[in-house]
Amino acid sequence: MKQANFLWVQPEVTELSPAFKEIIQTNNIPEQIGRLLWQRKIRSAEALAAFLRPDLDRLHDPFLLYDMEKAVARIHEAIINEEQILIYGDYDADGITSATVLKETLELLGAEASTYLPNRFTDGYGPNLEVYKEKIASGIQLIVTVDNGVSGHEAIAYAQQQGVDVIVTDHHELPDTLPNAYAIIHPRHPQGQYPFGDLAGVGVAFKTACALLEEVPFELLDLVAIGTIADMVSLTDENRILVSNGLKMIQQSDRIGLNELLSISGVNKQQVTETDIGFSVGPRLNAIGRLKDPNPAVTLMTTFDQEEARQLAHELDVINQQRKSFVEEIMKEAQQRIHPENEVHLVVGDNWHEGVLGIVAGRLMQQTGRPVIVLTKKDQGIAKGSGRSVAALNLFEMLSTMKDLFVSFGGHHAAVGLTIPTDDLDLLQTGMNQYVQSKGIDLRQGIPLQIDDTLPLADVTIQLIEALKLLAPFGLGNPLPKFLIKDLNTKNARQIGSDNQHLKLVMEDAASNQLDVIGFGFGAEAPEFANDHLSLVGQLTINEWNGNRKPQLMLEDFAVEGFQLFDYRSKRNRQGVSFGKQTLSISFQKKPAPEAQRLAPMLTVFDTLPALIDLYHDGGFQEIAFLDCPTEPQIIKEIVDALTVNRIDFVLLSPEDAYVDGVGSRDQYSRLFKLIQQQAQLDVRYKLKSIADFLKLPEKLLIFMIQVFSELEFVTIQDGVLKKNAAPANHPLTDSRIYQQRQQMIKTEEFLLMSDLSTLKQWLIS
């Protein structure tokens, strides 16, 4: 049995109302799609119309945002008076697009506007006092923040004291006390009543642009779509409208820099989707802020110079490749520093790039199912980095109870950033473990994975996958549906990728329906698929190749029901395999072979079945591995039955190669006997290999034959010297106990080593 990596959350089983069935039939929507809409609370004709037709005329009035009228009046005043305006943004894709939206808006109105995106390494996030001082000293008369500001008390207070008004446009979590800014435009402002609170920073900037221009600036929707998708806000209500129309605008956009970025990202502009933005464009914009000065990204988005755009797009692509490289290098090191016994994983390294630690923490969290904090040691005896958490643990709340340990610390439920003296790292790890245990928080259940529907394999068709596009664009709040498909067998499985890190599968059901499956990052779990009764969860896509179109599942998780048998009998299958503390590794040899010891440093030599049963239950093992062959197969079956274990590893090494070499032929024994008769004595301690070569016998077989002769007293061996017995009694070879045991071992090895896996599995469970 293989448990899923995630906690599968099944949808509520509710029947569609007769009225809603009639609505979807009227709109020619398949019932499977109708069920998905129903689960997403789209249950009326009005809600369906708004969902399927996200028109711009459904946007809310920007002046419903608190302080919008005041902010617009102040900006118009600045334009009329030719004041110098600074747009102060953020270093991620949302901040870059937000700054670009407002810059182009103000330029349309004839303003003198400049932009500044802070450097995460020198300025940090949000309003920076020193930067504000520098900009005000240079002549800035009005500051408008985008995608930041609600926590910038000190810098904003300084600006206001200097007579420089600050208008904040932001969407981040609101602190208990807001800064003393001239105006604060925020969709969840405590004194506001805006109908939709989940706008991205670029969404708030765009609403400000709409208010300033007194119309919807269609040409800016491409930027709005990019920032909204990249910031992973809820793609519902206004965000769905903005992204849907923004994707259409990208298809016809004349924005030179964006077109170059799409081109170098390998995205087909005419068929661009939210997935392309989320996995190709967004990461390239985010990468420059993670590693370097982000300000060139605004230049890329606003330039009219083709060569400059091409050069900057190339630069962002190179930086993104560097970012990927940093992540992969750190991941390899970080994975080695995970200690399974910890409730929260604290991983600390030397000289890791600070800008990618949040990505690494997120990946490790997905792999382990536990909250993760990844830090890099800096100068002055401090460590700095980021943390990511699962739904069961409020990371910010937990660390708030230990804030005395930190030099600086901030964040929210799922993500934090922190700086801590390296001397306090052990205290932090201990404190986190104690917190989780004292609160009774169960982190073993895994990260929730929401499943939208369970499908029989026969229902997975091109038509269904095409119909899913009705639900697009997908994102937070409206995710690409994840389907559960049960009771599958593996028709074909192979590892792919430069390091065999991925899987390409063909799965089959009892009716011989087949489905292609791609499992990115599942390469190491290939042995799990050599079983039946698999349940797979993933997203459905269409695989197009050489003009053929086939349904394909992008694997996200899987489970295996019932008994599992893993085949490590061949040297090829054993490459890279080692059995850890959760596997009871059993050897039937008093002196286990070196390879058995390599595979399982903590192996157990079998003595009695009762002793093994006690060891298994006391050790909390989850599976057992048979490292070599017993004298009789029945011993394995008795162990499996007694332990009622569902995961078995068959290595079944044959130290003596009994099945391969046999017991020796009459001719082979005759040649050995003749040599013994001809020689007064043989040095079998130091000259054994030479003797084997002379007789053309395998060395292990020669040793066995000598042991048989010795047991039957045909020869004597003393201090490694073999001598013939002058008057041996006449015995057939079959009188030898060693000979009989080897005959039995040959039968055992023939069955255990030569039978296919399905035969062995049926034998074990019968």
Side-chain angles (χ1 to χ4, degrees), residues 8-55 58 234-237 239-241 243-245 247-248 271-276 449-488 507-518 535-544 547-557:
W8 293 0
V9 181
Q10 302 275 8
E12 294 181 12
V13 180
T14 54
E15 277 293 317
L16 307 186
S17 70
F20 189 70
K21 285 185 178 180
E22 185 176 340
I23 291 169
I24 61 174
Q25 289 170 0
T26 302
N27 286 272
N28 296 316
I29 296 173
E31 186 162 332
Q32 286 168 322
I33 305 301
R35 286 203 303 271
L36 298 176
L37 289 164
W38 183 267
Q39 289 165 14
R40 295 175 191 214
K41 310 303 181 185
I42 311 296
R43 298 182 176 182
S44 67
E46 295 77 13
L48 182 63
F51 186 85
L52 296 180
R53 291 180 286 280
D55 300 329
R58 298 180 185 272
S234 174
L235 286 195
T236 56
D237 200 278
N239 286 340
R240 179 175 174 82
I241 297 170
V243 169
S244 297
N245 289 277
L247 290 172
K248 295 174 185 175
Q271 298 178 356
V272 66
T273 66
E274 67 279 10
T275 302
D276 296 322
L449 178 64
Q450 185 67 50
I451 294 171
D452 293 270
D453 204 354
T454 300
L455 291 179
L457 191 50
D459 286 359
V460 179
T461 63
I462 293 288
Q463 292 73 21
L464 171 64
I465 300 171
E466 292 281 10
L468 290 173
K469 294 178 182 178
L470 286 170
L471 305 178
F474 298 108
L476 191 65
N478 183 46
L480 188 65
K482 296 178 180 66
F483 295 101
L484 169 61
I485 306 174
K486 295 182 176 180
D487 205 20
L488 298 176
M507 306 303 294
E508 189 174 60
D509 66 7
S512 298
N513 296 302
Q514 293 186 0
L515 177 66
D516 291 347
V517 178
I518 293 291
S535 295
L536 274 55
V537 176
Q539 300 173 342
L540 293 173
T541 62
I542 297 174
N543 180 24
E544 301 191 33
N548 295 317
R549 306 177 82 225
K550 296 173 65 178
Q552 179 174 263
L553 184 80
M554 307 303 291
L555 185 65
E556 295 203 20
D557 200 8

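When a residue number appears, it is its place in the shown sequence, counting from 1.
Using a distance-only test at 3.5 Å, with no hydrogens or angles considered, a donor-acceptor pair links the side chain of Arg58 to the main chain of Arg53. Using a distance-only test at 3.5 Å, with no hydrogens or angles considered, no donor-acceptor pair links the side chain of Glu556 to the main chain of Val537. No side-chain donor-acceptor contact under 3.5 Å links Asn239 to the backbone of Thr236.
The structure places CG of Leu515 at 7.0 Å from CG of Leu540, a figure rounded to the nearest 0.5 Å. Note that CZ of Phe51 and CG of Leu471 are 5.0 Å apart. Values are rounded to the nearest 0.5 Å. Rounding to the nearest 0.5 Å gives a distance of 7.5 Å between CD of Glu274 and CG of Leu235. Atom CD in Glu31 sits 11.0 Å away from atom CG in Leu36 (nearest 0.5 Å). Here the OG1-CD distance, from Thr275 to Gln539, works out to 8.0 Å after rounding to the nearest 0.5 Å. Between the CG atom of Asn245 and the CZ atom of Arg240 there is a distance of 10.5 Å, given to the nearest 0.5 Å.
Checking each of Leu468, Thr454, Val460, Leu536 against Phe483 for a side-chain contact (heavy atoms from CB on, under 4.5 Å) leaves exactly one that passes, namely Leu468. Screening Thr541, Asp516, Asn543 for a side chain to side chain donor-acceptor pair (under 3.5 Å) with Lys550, the sole residue that qualifies is Asp516.
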Using the rule given for side chain to side chain contact (heavy atoms under 4.5 Å, CB included), can you reason through Leu470 versus Leu37, listing the C-alpha separation, both sets of side-chain angles and the distance that settles it, and then say yes or no? CA-CA 10 Å; Leu470 286 170; Leu37 289 164; over 6 Å; no

Let's go through Leu455 and Gln32 carefully: what are the C-alpha distance in whole Å and the side-chain angles of both, what is the deciding distance for side chain to side chain contact (heavy atoms under 4.5 Å, CB included) to 0.1 Å, and is it a yes or a no? CA-CA 9 Å; Leu455 291 179; Gln32 286 168 322; 3.7 Å; yes

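Minimum interatomic distance between Gln552 and Ile465 (heavy atoms only, all atoms of both residues): N-CD1, 4.5 Å. Nearest heavy-atom pair, Asp452 versus Pro11, reported as atom, atom and distance to 0.1 Å: O-CG, 3.4 Å. Taking both residues in full, the closest heavy atoms of Leu247 and Pro473 are given as CD1-CB, 4.3 Å, listed atom of the first, atom of the second, then distance. Heavy-atom minimum distance, Leu464 versus Asp459: CD2-O, 3.5 Å. When every heavy atom of Asp509 is checked against every heavy atom of Leu488, the shortest pair comes out as CB-CD2, 4.0 Å. Asp487 and Ser535 make their closest contact through N-OG, 4.1 Å (heavy atoms, listed as atom of the first residue, atom of the second, distance).
For the side-chain hydrogen bond (donor to acceptor under 3.5 Å, both in side chains) condition, the pairs that include at least one residue of residues 467-478, sequence neighbours left out, are Arg40-Asn478, Glu466-Lys469. Applying the ring-ring contact (aromatic ring centres under 6.0 Å, His included) test to residues at least two apart or on different chains, the pairs with a partner in residues 18-43 are Phe20-Trp38.
Residue-environment remark: CD (Glu22) stays at or below the threshold of 12 foreign heavy atoms within 6.0 Å. No more than 12 heavy atoms of other residues, nucleotides or ligands sit less than 6.0 Å from atom CD of Glu15.
No side-chain heavy atom of Gln271 sits less than 4.5 Å from a side-chain heavy atom of Asp276.
With sequence neighbours excluded, no residue forms a salt bridge (Lys or Arg N to Asp or Glu O under 4.0 Å) with Lys486.
Gln39 and Glu12 are not linked by any side-chain donor-acceptor pair at a separation below 3.5 angstrom, with hydrogens and angles left out of the test.
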